[in-house]
Amino acid sequence: MFDIGWSELVVIAVVALIAIGPKELPGVLRMVGQWMGKARKMAAEFQGEFQEAMREAEMADLKKSFDEVREAATGLTSGGGLMTSLQNDVADALRIEDTDKPAETAATPAIEPPAAPTTPEAPTPQTFVEATAHEAIAHEATAHEAASEPLAITREVQPQADAQGGLQADAHVTADGLKDAKAS
């Protein structure tokens with residue numbers, strides 16, 4: 001606490017021995033020890049009371065927050081509270097006393113029993129002929145549609161006659177030819 005080292009304690013002891021004297025030094029040291037014990041006891045007592053006050057303050061805060069929660073809970077469940085109105089609404093929604101009674105109207109038609117299941121007829125050779133004919137017609141229609149649509153639009157290269165009378169292929173492609181190729 002005071003940051004006193006051994007060298008300072010030796011200096012204090014030498015000064016006390018010279019100032020007080022060797023005969024009275026043990027009594028003085030005993031009295032200093034008693035004062036130190038009393039000071040330590042008072043410090044421990046003060047620290048204990050301070051911690052007790054802190055615990056009481058925490059308990060008071062805890063009690064206050066507990067009381068607030070209790071008031072909020074009683075506000076929800078009291079006669080005009082939110083929980084009571086919710087309970088009443090749920091009870092009204094679940095009330096089924098009118099639905100247990102049969103309907104009193106005479107115009108209600110009688111419910112007919114469901115029809116009995118029927119078994120399908122066995123296939124005949126005519127059924128197989130009709131199925132294959134239908135399949136052939138559908139296949140021809142899709143083949144005809146596919147054949148009538150062009151796959152791509154391209155420009156054919158026409159050989160040109162050069163000045164000497166020989167044939168030469170078109171070496172460059174025009175801008176229209178590029179557009180046609182890109183469109184496909």
Would you list the atom pairs, donor with acceptor, under 3.5 Å between side chains in residues 27-52 and any protein atom, with sequence neighbours excluded?
from	atom 1	to	atom 2	distance (Å)
Glu52	OE1	Arg55	NH1	2.8

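- The backbone N or O of Glu68 sits nowhere less than 3.5 Å from a side-chain atom of Glu71 that would complete a donor-acceptor pair.
- In this structure Ala16 satisfies the side-chain contact (heavy atoms from CB on, under 4.5 Å) test together with Ile20, Leu25, sequence neighbours excluded.
- The shortest non-hydrogen separation linking Pro22 to Pro26 is O-CD, 3.6 Å.
- Residues passing the salt bridge (Lys or Arg N to Asp or Glu O under 4.0 Å) test with Asp67, sequence neighbours excluded: Lys63.
- The side-chain contact (heavy atoms from CB on, under 4.5 Å) test with Ser65 singles out one residue from Leu62, Val69, Asp61, and that residue is Leu62.
- Counting heavy-atom neighbours within 6.0 Å of Glu8 CD, excluding the residue itself, gives a total above 12.
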